[in-house]
Amino acid sequence: MGSRHRGHARWAVQPAWQDAGMTDLVTMQRHGDVAVITIDNPPLNVFSPGVPEGVAGHVRQAEADDDVRAVVVTGAGRHFVAGADITTFGMPRDRAPDLLGLVDTLARSSVPVVAAIRGTAFGGGLEMALACNWRVAAPDAQLGLPEVKLGLLPGAGGTQRLPRLVGLEVALRMITSGSPIRAERAHVVGLVDEIIDGDLIEGAVAFAERIAGTDDALRRTHDMQVAVRGEVDQTLAGARAQAAATAPGLIAPQRCIDAIDAAVRLPFTAGIQRERDLFVELLASEQSRSLRHVFFAERTAAKIDGVDDRVEPTRVARAAVIGAGTMGGGIAMNFANAGIPVTVIEVDQDRLDTGLAKVERNYQRTVDKGRLDAAEMRRRIDRITGAVDFGAVADADAVVEAVFEDMALKQQVFGRLDNAAPPGAVLATNTSTLDVNEIAAATTRPESVVGMHFFSPANVMQLLEIVRGDATSDEALITAVALGKRMRKVPVVVGVCDGFVGNRMFHKYVRESFYLIEEGALPHEVDRVMTDFGFKMGPFAVGDLAGLDVGYRIRARQAADRDPGERYPAIADKVVEMGRHGQKTGAGFYRYEQGSREPLPDPEIHGLIVEHSADLGMQRREIADQEIRDRLLGQLVNEGARILEEGIAQRSGDIDVIYVYGYGFPAHRGGPMFHAGLVGLDAVLAITEHFHEQHGRIWEPAPLLRRLAAQGATFEDA
Ligand code: NAI
C-alpha cells in the first residue's frame with residue numbers, strides 16, 4: 001500500500017487503526033490530533049466498491065474518538081479521486097458503492113473534515129470534497145464534474161452544493177460543460193479555501209488544526225446560500241439557450257440546468273430529491289446509455305483478440321514517412337507532435353519542398369489561432385526533416401508509406417523499404433483501398449507489414465484503423481497500436497478487405513444517398529434528415545468537403561468488375577463531369593459563395609437531378625424523413641453485420657468507435673451497431689426485409705442480423 005506520507009519523519013505516526021473487515025483501499029493515520037484518511041485505489045482512486053464505505057467508516061471512527069479534533073481526507077499517489085467507478089453503474093443498489101451514504105456522513109460529521117486535493121478531483125471525487133467542511137488543494141489540482149459528458153448529471157449532491165460554494169454562474173458553466181478548472185481558479189471562485197504550495201498533507205493538517213478551534217469549523221456547504229450575480233430567470237434561460245446551441249438535441253445539459261435551478265429556488269433537501277429524480281431519469285436514458293457505451297467501446301477497441309499479452313511494442317525512437325502529399329504531411333505532423341523525429345521522403349526536391357512548406361503553413365495556422373505557442377511549433381517543425389532517397393529509412397523504427405494509391409507503385413516502394421529499413425522496423429501502409437497482404441508480399445518480411453489507415457486531415461482526425469494482414473506479427477500490430485496512442489489517436493484494429501471497416505460501410509451509405517436523390521429527394525433534404533439525427537454533416541455535404549472526384553475515380557477503376565445486375569447511381573458521375581468536384585471547385589452537390597464553406601442548395605443541381613430521374617424513367621416521389629433515415633442507417637448496419645460476421649471487425653463496439661471518431665456519427669446515439677440494438681434488431685430486420693422486397697439484393701439481410709434478431713439479441717452479444 002503506497003500511501004506516500006506514511007512514516008513521514010516529521011510526524012509521530014501512529015499505527016493505522018482499521019475496522020475489522022474494512023479493506024485496505026482506505027487507511028487512516030494520526031498526525032497529532034488530526035486523523036488523515038487516505039484513499040489508495042490506484043491508479044486514480046476511483047470509488048470502487050469498498051472505497052466510499054471505507055472513508056465513511058473512518059470518519060465515524062474519528063467522530064467517536066475524543067482525541068481527534070479534525071479529519072483530512074486525501075488520495076494516495078498523484079490524484080485525489082477521479083470519480084465514480086463507472087463499471088459499477090448498472091450494479092444493484094445493495095452492491096453498488098455507497099457514495100450517497102459517504103456524502104451524507106461527511107455532511108453531518110461532528111468533527112471538521114478538510115479535503116486535501118491534488119491531481120484530479122472529478123465527478124464523485126469532487127462531490128465528496130464538496131460535502132466536506134473545507135477544501136485545500138495543491139497547485140496541480142484540477143476540479144470538475146464531467147458527468148454531463150456521459151449524458152448524466154452529478155448525482156451525489158454536486159448540483160446542489162457546487163452552486164452554494166461558487167455561485168450560480170460558475171456552477172452552470174462547470175456542470176454543463178463538464179470541463180475542469182485548475183486549483184488557482186478554484187481558489188478564486190471559492191471552491192478551494194487554500195492553495196498549499198509545499199507538502200500537501202503537512203499543509204492540510206496545519207490548516208485543519210488552525211480551523212479546528214474556530215466557530216466556523218463545522219460550517220456546512222448545505223447551509224450556504226447560492227450567490228447570484230445577475231437575474232436568476234435570465235441567467236438560467238441564457239444557459240439553456242447556450243447548451244441547446246452547443247449541444248443540440250442533448251438532454252443531459254438541460255437536466256443539469258434543471259437541477260441547478262432547484263439549487264437556487266428550493267430548500268436543500270428538496271433540491272437533493274430533485275437532483276436524484278433527474279439523475280435516475282438520465283441514467284436510464286438512451287443518450288446516456290449510448291455515451292457510456294462509446295466510452296467503454298473506445299477503451300476496449302485497443303485490445304486485440306488472439307495476441308499474446310506478453311508481447312511488448314517495439315520502441316519507436318525515429319520514424320520515416322514516404323510521400324509528402326496530403327496524407328504524408330499530416331502523418332509526419334503526428335510523429336512530430338508525439339515527440340518522434342521523422343524523415344519525410346519524396347521523389348524530388350521540388351515536391352519535398354512543397355510538402356514541407358505546407359506542413360509549416362499548417363502549424364502556423366494553429367499558432368495564429370492561439371492553439372500552439374511559437375516555440376513549441378519550432379520544436380515540432382525541427383523534428384521533421386526531408387530527404388529524396390530511401391537511405392534515410394536506415395535508422396527508422398517505423399515507416400509509414402503514403403504515396404499514390406497504386407498497387408504497382410506501393411509494391412515497388414515496399415520492395416525498396418525491405419532493402420533499406422532495419423530489421424524489426426514496422427512497415428506501415430496508409431492505403432485506403434488496396435490489399436495489405438499484396439503489399440506485404442513485395443517484401444521478404446510480411447510479418448513487419450501492417451496498415452495504418454489515417455483519415456484526412458491526418459493531423460486532426462482521431463480515428464486510426466490499424467489493418468492486420470494475414471502475416472502481420474503480434475509485435476508489429478501492437479507497435480502500430482501503441483504508436484497510434486502516442487499520437488493521441490483512437491486506434492481500432494481491423495482486417496483486410498476493400499475499404500476496411502469505415503469506408504466499406506460508408507460506400508454503401510453514400511450509394512443509398514445517391515439512390516434517394518434519383519428517386520425523389522434533394523441533397524439538402526437528405527442531409528437535413530441526417531443532421532437532425534445528430535450527424536455533423538449529411539452525406540452530400542461530406543462528399544463536397546472530401547472531393548467528389550475521389551469517388552468518381554474509384555468507381556471508374558471498379559467499372560470492369562461492376563455487377564451489371566446492380567443499379568448504378570450515375571447521378572454522382574454526372575455532377576463530377578460538370579466540373580463540380582465539391583468545395584475545392586466552388587461547387588458540388590451544393591454551390592459555395594467565394595471563401596465560404598456553407599453549402600447552399602443549387603437549382604442547377606436540382607434541375608440536373610430531376611432530368612436524370614426522367615432519363616431513368618423514374619417517377620419522382622416525396623420521400624418521408626423516416627424512410628431516408630431508415631435507408632441510410634439500414635445500409636450501415638447491414639454492412640456492419642457482414643463485417644462483424646467476417647471477423648473484419650473484432651467486435652461491434654469497434655465499428656461504433658470507428659463511426660463516432662471517423663465519420664461524425666453522433667456519440668449520443670452510440671454508433672450504428674449500438675443504435676440498431678436500441679431500435680431492436682427485430683425491427684431493423686423488418687425494415688431491411690421491407691427494402692429487400694422493394695429494391696432487391698443490395699438489401700439482402702446479413703445472416704448475422706437474422707440470427708441475432710431471431711435470438712432477441714443485440715450486436716454486442718455476437
Ligand atoms: P497525394 O497525391 O496528396 O500524395 C502522394 C505523394 O506521394 C505525392 O506527393 C507524390 O509525389 C509522392 N510519391 C509518389 N511516389 C513516390 C515515391 N516513389 N517515393 C516517395 N514519394 C512518392 O495523395 P494522398 O491523398 O496523400 O494519398 C496518399 C495515400 O493515402 C494513398 O494511398 C491514399 O489512398 C491514402 N489515403 C488518402 C486519404 C485522403 O483523404 N486523401 C485518406 C486515407 C488514406
Side-chain angles (χ1 to χ4, degrees), residues 320-334 342-359 362 385-393 396 399-421 427-436 438-439 442 449-467 484 487 489 491-492 494 496 498-504 506-507 510 542-554 557-558 581-584 658 661-664:
V321 172
I322 317 295
T326 310
M327 296 304 286
I331 296 168
M333 290 173 78
N334 289 332
V342 57
T343 306
V344 182
I345 299 170
E346 257 292 349
V347 281
D348 57 43
Q349 194 63 43
D350 246 20
R351 289 200 218 190
L352 182 62
D353 292 344
T354 310
L356 293 182
K358 197 167 160 214
V359 166
N362 244 329
T385 47
V388 287
D389 70 275
F390 272 59
V393 303
V399 184
V400 181
E401 166 276 314
V403 302
F404 304 127
E405 187 77 339
D406 178 282
M407 180 56 86
L409 174 64
K410 301 233 184 219
Q411 288 197 321
Q412 185 210 336
V413 166
F414 272 78
R416 291 169 70 186
L417 287 178
D418 195 19
N419 290 329
L427 307 180
T429 171
N430 181 48
T431 181
S432 36
T433 52
L434 301 176
D435 185 337
V436 174
E438 255 183 78
I439 296 174
V449 178
V450 61
M452 285 181 81
H453 184 213
F454 291 86
F455 289 73
S456 182
N459 55 315
V460 177
M461 294 294 291
Q462 275 193 286
L463 176 62
L464 176 60
E465 285 182 326
I466 305 285
V467 189
M487 293 172 170
K489 302 288 174 191
V492 183
V494 300
V496 175
D498 190 0
F500 311 120
V501 172
N503 284 343
R504 176 169 155 186
F506 198 66
H507 169 71
V510 170
V542 170
D544 276 4
L545 177 66
L548 301 173
D549 51 322
V550 180
Y552 183 84
R553 278 199 304 273
I554 294 175
R557 206 176 51 224
Q558 293 168 343
H581 293 189
Q583 284 191 19
K584 60 187 168 192
I658 287 173
Y661 284 98
Y663 295 84

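Just the heavy atoms: all of them, side chains too, but no hydrogens, waters or symmetry mates, feed the values below. As the structure lists them, so they are numbered: ligands from 1, and atoms in each ligand from 1.
- Of all protein heavy atoms, the one lying nearest to atom 17 (C) of ligand 1 is Val347 CG1, 3.5 Å.
- Within the structure, ligand 1 lacks Gln412 among the residues with a heavy atom less than 4.0 angstrom away.
- For atom 23 (O) of ligand 1, the nearest protein heavy atom is 4.0 Å or more away.
- Counting heavy atoms closer than 4.0 Å to ligand 1, residue Leu409 contributes side-chain atoms (C-beta onward) but none from N, CA, C or O.
- One finds the CZ atom of Phe414 at 5.0 Å from the CD atom of Glu401 (value rounded to the nearest 0.5 Å).
- Here atom 31 (C) of ligand 1 lies nearest to Val403 when heavy atoms of Asp406, Asn430, Thr431, Val403 are compared.
- With rounding to the nearest 0.5 Å, the separation of NZ in Lys410 from CD in Glu405 is 4.5 Å.
- Residue-ligand proximity: Phe455 is placed with every non-hydrogen atom at 4.0 Å or more from ligand 1.
- Counting the atoms of ligand 1 from 1 in the order shown, those under 4.0 Å from a heavy atom of Thr326 are 3 (O), 25 (O), 26 (O).
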Next on the checklist: Determine whether Ile439 and Thr431 satisfy the following criterion, side chain to side chain contact (heavy atoms under 4.5 Å, CB included), listing intermediate values before the conclusion.
Outcome noted: CA-CA 10 Å; Ile439 296 174; Thr431 181; 4.1 Å; yes
Checklist entry - Does the pair Ser456 and Met461 meet the rule for a side chain to side chain contact (heavy atoms under 4.5 Å, CB included), with working shown? => result CA-CA 6 Å; Ser456 182; Met461 294 294 291; 5.8 Å; no
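- Close approach to His453 involves these atoms of ligand 1, each under 4.0 Å from a residue heavy atom: 43 (C), 44 (C).
- When Glu346, Arg351, Glu401, Met327 are ranked by how near their heavy atoms come to atom 8 (C) of ligand 1, first place goes to Glu346.
- Distances shorter than 4.0 angstrom occur between a heavy atom of Ala402 and an atom of ligand 1.
- Each of the following atoms of ligand 1 lies closer than 4.0 Å to a heavy atom of Ile345: 20 (C), 21 (N).
- Gly325 CA, 3.3 Å is the protein heavy atom nearest to atom 4 (O) of ligand 1.
- The aromatic ring centres of Phe455 and Tyr663 sit less than 6.0 Å apart.
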